[in-house]
Amino acid sequence: HVACQRISWLCGFAGEPGAETTPFPDALHRCPGDEYLEPAMGARELAEALDSTFAVVERCLDGWTVDRLDEEIRRTFGDETWAHTRGWVIQRVFAHDVYHTAELNEVLGAAGLPQVDLWG
């Protein structure tokens, strides 16, 4: 879910290349883990999906200068037009990652396992 959302926003909405290098080449229209429960991923597949989608995030962070963060991106989906800045898109992606990391940390903590440290 987290990995697919990265690609949906960065490639599908913002138009960045790289979706084809991930398990989610059609993330704008179909994200497993959201409304689509198949295909389920095993641990290895999930780790590869996280790595491949974070590579897209890294390319955006390397290429989107501070000046470009205010650039507005407009996309029309059916009858609806969305307009967001590049900075908003990056914030949305990271907020989504942080939200799900907090969920994961609740489960890990309850099981007595080490938690994910996003800031370490």
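Residue indices begin at 1 and follow the sequence shown.
Ring planes of Phe94 and Phe54: perpendicular class, angle over 60° (limits at 30 and 60°).
Tracing side-chain contacts under 4.5 Å through hydrophobic residues (I, L, V, M, F, W, Y), one reaches Leu108 starting from Leu118; they form part of the same cluster. Under the 4.5 Å side-chain heavy-atom criterion for grouping Ile, Leu, Val, Met, Phe, Trp and Tyr, Val2 is not connected to Trp9 through any hydrophobic cluster. Connection of Val89 to Leu61 is established within a shared hydrophobic cluster, with ILVMFWY side chains joined at heavy-atom distances below 4.5 Å, either directly or through further cluster members. In the hydrophobic cluster analysis, where Ile, Leu, Val, Met, Phe, Trp and Tyr join through side-chain heavy atoms closer than 4.5 angstrom, Leu104 is grouped apart from Leu46. Taking hydrophobic clusters as Ile, Leu, Val, Met, Phe, Trp and Tyr residues chained together by side-chain heavy-atom distances below 4.5 Å, Val57 does not share a cluster with Val98.
Here the straight-line distance linking atom CG of Leu50 with atom CG of Asp97 works out to 8.5 Å at 0.5 Å rounding. Here the CD atom belonging to Gln91 is positioned 8.5 Å from the CG atom belonging to Leu69, to the nearest 0.5 angstrom. Thr53 OG1 to Glu58 CD: the interatomic distance, rounded to the nearest 0.5 Å, is 10.0 Å. Between atom CD of residue Gln5 and atom CG of residue Leu10 there is a gap of 10.5 Å, rounded to the nearest 0.5 Å. The distance from the CD atom of Glu72 to the CZ atom of Arg86 is 11.5 Å, given to the nearest 0.5 Å. Once rounded to the nearest 0.5 Å, the distance linking CE of Met41 with SG of Cys4 reads 8.0 Å.
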*Carefully, step by step, assess Trp88 and Ile73 under the rule side-chain contact (heavy atoms from CB on, under 4.5 Å).*
CA-CA 10 Å; Trp88 185 95; Ile73 302 166; over 6 Å; no

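Here Glu16 does not pair with Arg6 in a salt bridge; the nearest charged N to carboxylate O distance is not below 4.0 Å.
Between Arg59 and Pro17, the shortest heavy-atom contact is NH2-O, 3.7 Å. The two atoms that bring Val56 and Thr22 nearest to each other are CG2-CG2, 4.4 Å, heavy atoms only. For Gly12 against Arg75, the heavy-atom pair with the smallest separation is O-NE, 4.3 Å. Considering every non-hydrogen atom in both Phe24 and Ile7, the closest pair reads O-CG2, 3.6 Å. Looking at every heavy atom in both residues, Pro23 comes nearest to Ser52 through CD-OG, 3.5 Å.
Under a 3.5 Å cut-off, the side chain of Glu80 and the backbone N or O of Phe77 do not form any donor-acceptor pair.
Other residues, nucleotides and ligands place no more than 12 heavy atoms under 6.0 Å from the OH atom of Tyr99.
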